[in-house]
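Atoms within each ligand, like the ligands themselves, are counted from 1 in listed order.
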Amino acid sequence: MLYFLLVRVELSLGGSMAFFSFLDQKKKKDALRELAKERKKGISAEQLDKANREIHLRLLQSPFFLEAERIFSYVSMEGEVDTRIILETALQMGKRVCVPRCIPGKEHLMEAVEIHSMEELIPQTYGILEPRKELPSSTDWCFDLSLIPCVMADQRGGRLGHGAGYYDRFLEKSRGKKLCLCFSWLLYDKIPMEKTDIPMDALLTEEAYFAFH
Ligand SMILES: Nc1nc2c(c(=O)[nH]1)N(C=O)[C@@H](CNc1ccc(C(=O)N[C@@H](CCC(=O)O)C(=O)O)cc1)CN2
Ligand SMILES: Nc1ncnc2c1ncn2[C@@H]1O[C@H](COP(=O)(O)OP(=O)(O)OP(=O)(O)O)[C@@H](O)[C@H]1O
């Protein structure tokens, strides 16, 4: 309840981090996840659809997508930038495409699995599509382009996920350009970053592209 109230005050202050300075990192992150939920409530299906289409257009025309031979991408769940068309286009273009598969257990680890068709994906935890168990995991974790989901992101490479650390652990070992896909209404001034948080190389929204390195 307290954090819900803080989020409301934070909203009315226009997203500055100053109000949160006395809270510890985890609580700040949890409050931002609540803020993201609040912001999503104000978005219509039409706005979501339009923003998704604009992000797809920007990404699919970009040199870093066109030139990438090996792509890693999340398979989107509700509320995230939709990656289905991106994955289908990459497969049609003959690119090598890997998507994540969670390894069962408390370690919160993911592996990259190469797919050749969307039919190779089946719903797993939270309804997220993942490669079937029979498909081998990739031994090569070097990607020309990795598309990373977020709950919120900032314009300095900061990224907030669901708090399980799956992506931070994965990105510690993978290589290549890390591009976060984010709707502009989920941007925040400064996401609190911990030692284990891996910064993004670039950010794409329906309004702009930001490169950080
Ligand atoms: N598309 C996608 N795949 C992904 C992730 C992701 O963020 N996006 N993950 C990145 O970690 C991992 C899955 N982990 C997840 C952890 C929590 C929630 C989630 O929606 N949590 C809800 C609470 C759900 C509940 O209580 O039932 C929430 O945060 O509101 C989703 C994915 C691996 N695959
Ligand atoms: N490489 C790592 N090794 C050990 N612990 C880690 C690592 N990365 C993250 N963690 C831990 O995992 C927990 C969740 O981290 P955090 O809140 O930053 O996740 P997130 O970035 O929101 O989620 P995700 O990475 O799944 O999108 C934290 O307790 C963090 O310390």
Side-chain angles (χ1 to χ4, degrees), residues 3-4 7 17 20 23-41 43 48 52 55-56 59 71-88 90 97-113 115 118 120-133 135 137-138 141 143 146-154 156-175 178-183 185-188 190-201 203-204:
Y3 288 108
F4 180 72
V7 164
M17 278 306 293
F20 281 141
L23 298 174
D24 67 35
Q25 298 284 82
K26 183 170 178 335
K27 285 178 178 164
K28 282 181 200 167
K29 286 183 168 185
D30 285 344
L32 286 178
R33 291 184 185 103
E34 288 302 314
L35 177 60
K37 278 184 197 163
E38 285 297 308
R39 289 199 186 164
K40 280 180 188 171
K41 283 183 194 163
I43 304 300
L48 192 66
N52 263 315
I55 293 174
H56 296 155
L59 179 72
I71 291 185
F72 170 88
S73 173
Y74 68 97
V75 186
S76 52
M77 52 184 276
E78 209 187 323
E80 294 175 337
V81 174
D82 198 321
T83 54
R84 173 170 270 274
I85 286 173
I86 299 168
L87 287 164
E88 284 171 351
V97 176
C98 283
V99 297
R101 181 169 63 197
C102 292
I103 301 173
K106 292 191 180 126
E107 292 86 3
H108 292 174
L109 296 173
M110 298 192 305
E111 53 196 357
V113 178
I115 58 162
M118 298 301 276
E120 291 171 348
L121 304 177
I122 51 164
Q124 294 293 340
T125 323
Y126 299 113
I128 300 170
L129 293 173
E130 290 191 358
R132 294 174 186 281
K133 296 276 171 286
L135 294 174
S137 61
S138 169
W141 283 24
F143 304 101
S146 293
L147 302 180
I148 312 300
C150 69
V151 171
M152 282 192 137
D154 65 29
R156 333 161 179 229
R159 164 191 172 271
L160 178 75
H162 287 284
Y166 277 102
Y167 270 91
D168 292 320
R169 288 183 184 86
F170 178 81
L171 293 172
E172 208 179 41
K173 295 189 220 126
S174 71
R175 293 289 168 262
K178 299 177 286 292
L179 174 65
C180 183
L181 301 186
C182 183
F183 296 116
W185 55 85
L186 296 176
L187 289 181
Y188 193 76
K190 191 168 189 278
I191 302 286
M193 293 288 274
E194 294 168 83
K195 271 191 194 146
T196 49
D197 289 329
I198 308 285
M200 297 293 103
D201 297 316
L203 169 73
L204 181 65

Notebook entry, point to check: Measuring from I55:CD1 to I86:CD1, what's the distance to the nearest 0.5 Å?
Noted result: 8.0 Å
Next item on the list: Starting at CG of L147, measure out to CG of L204 and round the result to the nearest 0.5 Å.
Entry: 9.0 Å
Notebook entry, point to check: Would atom 32 (C) of ligand 1 count as contacted, meaning some protein heavy atom under 4.0 Å?
Noted result: yes
Next item on the list: Anything under 30° is parallel, anything over 60° is perpendicular, the rest tilted; go ahead and classify Y167 against F72.
Entry: perpendicular
Item checked: V75 neighbourhood, listing ligand 1 atoms whose heavy-atom distance to it stays under 4.0 Å -> 1 (N), 2 (C)
Next item on the list: Indicate, as side chain, backbone, both or neither, the part of K37 found under 4.0 angstrom from ligand 1 when only non-hydrogen atoms are considered.
Entry: side chain
Notebook entry, point to check: What is the nearest protein non-hydrogen atom to atom 4 (C) of ligand 1, stated with its residue, atom name and distance?
Noted result: I128 CD1, 3.6 Å
Next item on the list: Give the contacting part of R33 toward ligand 1: side chain, backbone, both or neither, where contact means a heavy-atom distance below 4.0 Å.
Entry: neither
Next item on the list: Return the set of residues passing salt bridge (charged side-chain N to carboxylate O under 4.0 Å, His left out) with E120 (not counting sequence neighbours), or none when no residue passes.
Entry: none
Margin query: As an exercise, state the distance from SG of C180 to CD1 of I198, rounded to the nearest 0.5 Å.
Written below: 13.5 Å
Next item on the list: With sequence neighbours left out, write down each residue that passes salt bridge (charged side-chain N to carboxylate O under 4.0 Å, His left out) with K40, or none if nothing qualifies.
Entry: none
Notebook entry, point to check: Atoms of ligand 1 less than 4.0 Å from C102 heavy atoms?
Noted result: 33 (C)
Margin query: Below 30° counts as parallel, above 60° as perpendicular, anything between as tilted: where do the rings of W185 and F183 land?
Written below: parallel
Checklist line | Contact partition for H162 relative to ligand 1, non-hydrogen atoms under 4.0 Å | finding: side chain
Next item on the list: Return the residue, atom name and 0.1 Å-rounded distance of the protein heavy atom closest to atom 8 (N) of ligand 1.
Entry: E80 OE2, 2.7 Å
Next item on the list: Tell me which one of Y126, Y167, Y74, Y166 gets a heavy atom nearest to atom 16 (C) of ligand 1.
Entry: Y126
Notebook entry, point to check: Got a second to check how far K178's NZ is from L171's CG, nearest 0.5 Å?
Noted result: 6.5 Å
Next item on the list: Have a look at R159 and tell me which of L203, I148, I191 forms a side-chain contact (heavy atoms from CB on, under 4.5 Å) with it.
Entry: I148
Checklist line | Listed partners of R132 passing salt bridge (charged side-chain N to carboxylate O under 4.0 Å, His left out), at least two apart | finding: none
Check: Which bit of T125 is near ligand 1, meaning a heavy atom under 4.0 Å away: side chain, backbone, both or neither?
Finding: neither
Notebook entry, point to check: Is there a protein heavy atom less than 4.0 Å away from atom 26 (O) of ligand 1?
Noted result: no
Next item on the list: Dump the intermediate steps for side chain to side chain contact (heavy atoms under 4.5 Å, CB included) on R169 and E107, then the final yes or no.
Entry: CA-CA 9 Å; R169 288 183 184 86; E107 292 86 3; 6.0 Å; no
Checklist line | Minimal non-hydrogen separation, S76 against R84, with atom names | finding: OG-N, 4.3 Å
Check: Atoms of ligand 1 less than 4.0 Å from M110 heavy atoms?
Finding: 33 (C)
Check: Side chain, backbone, both or neither: which part of P100 comes within less than 4.0 Å of ligand 1 when only heavy atoms are counted?
Finding: neither
Item checked: Shell of residues surrounding ligand 2, defined by a 4.0 angstrom heavy-atom cut-off that is strict -> K29, R33, R159, G161, H162, G163, A164, G165, Y166, Y167, D168, R169, E172, T196, D197
